[in-house]
Peer 1: 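Next up is a structure, given as structure tokens.
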Amino acid sequence: MPAKGVTLASTADVVVAGGGVIGTAIAWRAAAAGLDVILVDPDRGDAASLVAAGMLAPASESLFGEEALLALNQLAASRFAALVTELERAAGQPVGLRREGTLAVAYDTGDQAALARLTAFRRSLGLDAEELDGRSCRELEPFLGPDVRGGCLFAGDWSVDNRRYVAALRQAARAAGVRTVTGWVAAVRVQDGRTAGVRLASGGTDGAIRIDADEIEAGTVVIAAGTASAGIAGLPAPLRGAVRPVKGQLLRLRHPAGLPPVLGRTVRALVRGGDVYLVPRADGEIVLGATSEERGPDRTVTAGAVHDLLHDAMSVLPVVTEMILAETAAGLRPATPDNGPIVGATDTAGLLVATGHYRNGILLSGLTADAVLALLTGQRPAPEWEPFSPGRFATAAVS
Ligand code: GLY
């Protein structure tokens, strides 16, 4: 059965495998630069991009030992406002960028000590981090509960409405002439040592995958399929093995009529050693996340996760109890052994990879598209990308 929307012997300059935030941003940028682009699997974004919260948080998510990732995330954050201006113009729709910053708060003395250690580390790297006592936190966010002991304001950590952002990328890609194929890439076709295109698969029953005869010819293929990248034949085996799913469950809390907005900015809370975040939208909705679970491709929502997220959120923001539990969801972050993305060329001419964005897919989407466009047009990506080449995982790949 041919995949919908594609005929045998379709051809393009570039095939992008994966229609989440990364693949769609790449397709948009490449088409806007004049390349003929086919995007396969335009719906793949539901695995991660549509489940995300949209935090643009290089400072408040930075961790010990991840300085190279921080530099990359900071570069992406510094370009995000300009990207949004361009995207909103191209798509003709808003993406809900919010610039109010992020307030990290601590619940008990252990949480306060942990936050103080992280804040000292972040300040040692020159990050903008303003320490606050509990009262100052409540002045900024009056609905915070009396048990919040203190916190830290990261003024440069913004957020975007991830669903509006992905919708705008899709619209901009369409407007730029990207063709989309529903289905997914089963294999990269290689002839005489270089990329010749892709072979498409279509779904069988009970999760079995049936390979169709359909193929798309293209001299360049970009694998940007998140956790599904690992299932694409033709990608070097070490790279396939480097991407694993890390499950994240999150909730959407709708604002009841008559209640004023309960948050003015993103709040991240350390609560009894656990980490929870609350990201407000313009209409008062709050995205509450997220678990971090090593459970393979499982996307079920569990009672325990819903309980823990709500319990921790109510510990710091008691008014959550009044809100409507509008949605529960589970997504799969594409994680790598060093928590960094994998972006660059492989040793198969014409085969590029852009996956493994783990916790930073929304933030890094525009910067990744810039890097891939640079590679497609014979330029060098920004130097911050050097530690994140495929070569670090695959002896068979080159940077
Ligand atoms: N960046 C948020 C998360 O991974 O849950």
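All ligand and atom numbering here is 1-based and tracks the order in the structure.
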Peer 1: Just say parallel, tilted or perpendicular for the rings of Tyr165 and Phe80, cut-offs at 30° and 60°.
Peer 2: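 Answer is tilted, since the angle falls between 30° and 60°.
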Peer 1: So, do Pro58 and Leu363 sit near enough that their side-chain heavy atoms are less than 4.5 Å apart?
Peer 2: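 A side-chain contact exists here, since the closest heavy-atom pair is under 4.5 Å.
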Peer 1: Does the side chain of Thr180 come under 3.5 Å of the side chain of Arg170 through a donor N or O and an acceptor N or O?
Peer 2: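 No, Arg170 and Thr180 have no side-chain donor paired with an acceptor closer than 3.5 Å.
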Peer 1: Kindly list each side-chain donor-acceptor pair under 3.5 angstrom involving residues 130-142, sequence neighbours excluded, with atom names and distances?
Peer 2:
unit_1	atom_1	unit_2	atom_2	d
Glu131	OE1	Arg123	NH1	3.2
Asp133	OD1	Arg135	N	3.4
Asp133	OD1	Ser136	N	2.8
Asp133	OD1	Ser136	OG	2.7
Arg138	NH1	Gly145	O	2.9
Arg138	NH1	Val148	O	3.1
Glu141	OE1	Gly264	N	3.0
Glu141	OE2	Gly264	N	3.2
Glu141	OE2	Arg265	N	3.2
Glu141	OE2	Arg265	NH1	2.6

Peer 1: State whether Asp338 and Arg392 are salt-bridged, where the test is any N-O pair (Lys NZ or Arg NE/NH1/NH2 against Asp/Glu carboxylate O) under 4.0 Å.
Peer 2: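 Answer for the salt bridge query: yes.
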Peer 1: Could you please provide the protein residues found below 4.0 Å of ligand 1 on a heavy-atom basis, arranged by chain and number?
Peer 2: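 Protein residues near ligand 1 are Met55, Glu61, Tyr277, Ala290, Arg333, Arg359.
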Peer 1: Are Arg268 and Asp275 within salt-bridge range, i.e. N to O under 4.0 Å?
Peer 2: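 Yes, this pair counts.
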